[in-house]
Amino acid sequence: ALKGALSEAQATLKFAELYNRTYPEAGMSLAVNNSMLPVTRAFLLEKSGDLRGAAAAYREIAAATKAAGFISYPDLVCGRLAVIAFESGDEKGAARWSGQTASFDSGAKAVQGAMLQRKGDEAGARDKYEETLKLLNLAAKSGDVVQPVYFAEAQRVKDGLAEVVALLYK
């Protein structure tokens, strides 16, 4: 899905859902703590252009997380909701969702950089984009299991950083 292969991603998701039904102890269906299947379903809606459906799916994950007793929403979910709000032109929503998790989530931090860039604050945007790249590099090198969706805004960050650096040092 990150590279635009939505039909292949949809087929893989269907296989994973079948596997999860066959082996329910695999733990992929839990709607808490950034579990794979719910986040993947939401992300595929997002990448296919159904931003409303994706936002609803991410909010369901957030609600299930709260219902399970967690004190905060999953960082990845807040980050994706920030991206969707930003893409939809909802700056207040983007600021609210990204503010809940920007220290941990690359999508949220990327949105903060993009909002600063849109406002003409190239230096602030550069700083946020550089912080985002650090998060992405740490995640890639960590050895931990990191969902691919975590890297979804990498190109936005690279492009935005190139644009603001060109403006700052012209």
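Using a 4.5 Å cut-off on side-chain heavy atoms (C-beta onward), Lys109 and Phe104 make no contact. When side chains are defined from C-beta on, Glu46 counts as touching Val83, because their heavy atoms get closer than 4.5 Å. Side-chain contact between Leu135 and Glu131 is absent, with no heavy atoms from C-beta onward closer than 4.5 Å. Looking at heavy atoms from C-beta onward, Asp90 lies in side-chain contact with Lys92 at the 4.5 angstrom threshold. The side-chain heavy atoms of Ser106 and Glu153, taken from C-beta on, include no pair separated by under 4.5 Å.
Taking all atoms of both residues into account, the shortest heavy-atom contact from Leu167 to Glu122 is CD1-OE2, 3.6 Å. Leu161 and Tyr129 make their closest contact through N-CD1, 3.5 Å (heavy atoms, listed as atom of the first residue, atom of the second, distance). Here the closest heavy-atom approach between residue Leu76 and residue Asp105 is recorded as CA-OD1, 3.4 Å. Across Ala82 and Ala108, no two heavy atoms sit closer than the pair CB-CA, 4.5 Å. Across Val157 and Ala110, no two heavy atoms sit closer than the pair CG2-CB, 3.5 Å. What you find for Ala95 and Met115 is that their closest heavy atoms are CA-CE, 3.8 Å.
A distance of 9.5 Å separates CG in Asp75 from CD in Gln100, rounded to the nearest 0.5 Å. Note: Glu60 CD to Arg41 CZ = 9.5 Å, rounded to the nearest 0.5 Å. Rounding to the nearest 0.5 angstrom, the gap separating the CG atom in Leu45 from the OG1 atom in Thr40 is 11.0 Å. Distance check, rounded to the nearest 0.5 Å: NZ of Lys141 to CG of Leu136 gives 11.5 Å.
Note on Leu133 and Leu116: separate hydrophobic clusters, where clusters join Ile, Leu, Val, Met, Phe, Trp and Tyr whose side-chain heavy atoms are under 4.5 Å apart, directly or indirectly. Hydrophobic clustering, with ILVMFWY side chains joined whenever heavy atoms are under 4.5 angstrom apart, groups Ile84 together with Val77.
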Please tabulate, for the side chains in residues 50-57, all donor-acceptor contacts under 3.5 angstrom to protein atoms that are two or more places apart in sequence or on a different chain.
residue, atom, partner, partner atom, Å
Asp50, OD1, Gly53, N, 2.8

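Checked against salt bridge (Lys or Arg N to Asp or Glu O under 4.0 Å), Glu87 has the following partners two or more places apart in sequence or in another chain: Arg156.
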Inset, instruction - Given side chain to side chain contact (heavy atoms under 4.5 Å, CB included), test Trp97 with Phe86 step by step and report yes or no. - result: CA-CA 10 Å; Trp97 285 111; Phe86 181 77; over 6 Å; no
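Side chains of Asp121 and Gln117: a donor-acceptor N/O pair is absent below 3.5 angstrom, by distance only.
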